[in-house]
Student: 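Would you mind keeping the following structure in view while I ask a few things?
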Amino acid sequence: MTDASAPAEQPETATDARTDAAAAAAGEASVRPATPLWLAVVIAAVTGIFYAYDVWEAVGNLVGLNLYADSLGVGLTVYGVVVLIIGVVLPFAVYAIAFWLGRKRGPLGRLALFVVGYALVQVLGADVAVLFGLNGLDLG
């Protein structure tokens, strides 16, 4: 092989340097969290207040309906108690799922997950209210 037929080494060009810099920036971007910590805490705390109110409401339903049934001299069925306990546990579970799914997202995506989760909890809470005839929805 002669020197003329061997491929010559080319010096590094400006485009190669830009490509390396872009790759390094992409590597750093994947390490950084999508939402600043303070903003993530504020979003989680503000939406957590709404979820906590729903838990408070579900505990009130569980205790109140048990007391109401006792005052009538009857007890709640196992099905009724299970539905009421699910009403207490559901906001915790939905909040935890929204928190876990939103950990790598931006602030709007994180907020959207919490709001959609809260809407789901409210719909299921309304179903429980209708199931027990708590006048949660009076459509006619």
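What you see is a predicted model, and the numbers here were worked out from it, not measured in a lab. These values consider heavy atoms only, across backbone and side chains, with no hydrogens, waters or symmetry-generated copies. In this chain, numbering begins with 1 at the start of the sequence shown.
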Student: Determine whether Y95 and V115 fall in the same hydrophobic cluster, where Ile, Leu, Val, Met, Phe, Trp and Tyr are linked whenever their side-chain heavy atoms lie under 4.5 Å apart.
Tutor: yes
Student: Which value, rounded to the nearest 0.5 Å, describes the distance between I85 atom CD1 and N61 atom CG?
Tutor: 13.0 Å
Student: Indicate the atoms forming the closest heavy-atom contact of A58 with G87, along with that distance.
Tutor: CB-O, 3.2 Å
Student: Looking at OH of Y118 and CG of D54, how far apart are the two atoms once the value is rounded to the nearest 0.5 Å?
Tutor: 5.5 Å
Student: Is any side-chain heavy atom of L84 less than 4.5 Å from a side-chain heavy atom of L76?
Tutor: yes
Student: If you look at every heavy atom in P91 and V88, which pair is closest and at what distance?
Tutor: CD-O, 3.4 Å
Student: Examine I49 and V42 and state if one hydrophobic cluster contains both, with Ile, Leu, Val, Met, Phe, Trp and Tyr joined whenever side-chain heavy atoms are less than 4.5 Å apart.
Tutor: no
Student: Tell me, yes or no, whether the heavy-atom count around L67 atom CG, taken from other residues, nucleotides or ligands under 6.0 Å, exceeds 12.
Tutor: yes
Student: Grouping I, L, V, M, F, W and Y whenever their side-chain heavy atoms are under 4.5 Å apart, do I97 and W100 come out in a common cluster?
Tutor: yes
Student: Is L120 reachable from L101 through a run of I, L, V, M, F, W or Y residues, each pair having side-chain heavy atoms under 4.5 Å apart?
Tutor: no
Student: Please find out if less than 6.0 Å separates the ring center of F92 from that of Y51.
Tutor: no
Student: Can F99 be reached from W38 by stepping across I, L, V, M, F, W or Y side chains whose heavy atoms are under 4.5 Å apart?
Tutor: yes
Student: Okay, side chain of R110, backbone of R103: is any donor-acceptor separation there less than 3.5 Å?
Tutor: yes
Student: Is there a side-chain contact between F114 and F50, using heavy atoms and a 4.5 Å cut-off?
Tutor: no
Student: Apply the side chain to side chain contact (heavy atoms under 4.5 Å, CB included) test between V94 and each candidate in V116, V89, V121, L113; give the one that qualifies.
Tutor: V121
Student: Under 3.5 Å, side chain of T35 to main-chain N/O of R105, donor-acceptor pair present?
Tutor: yes
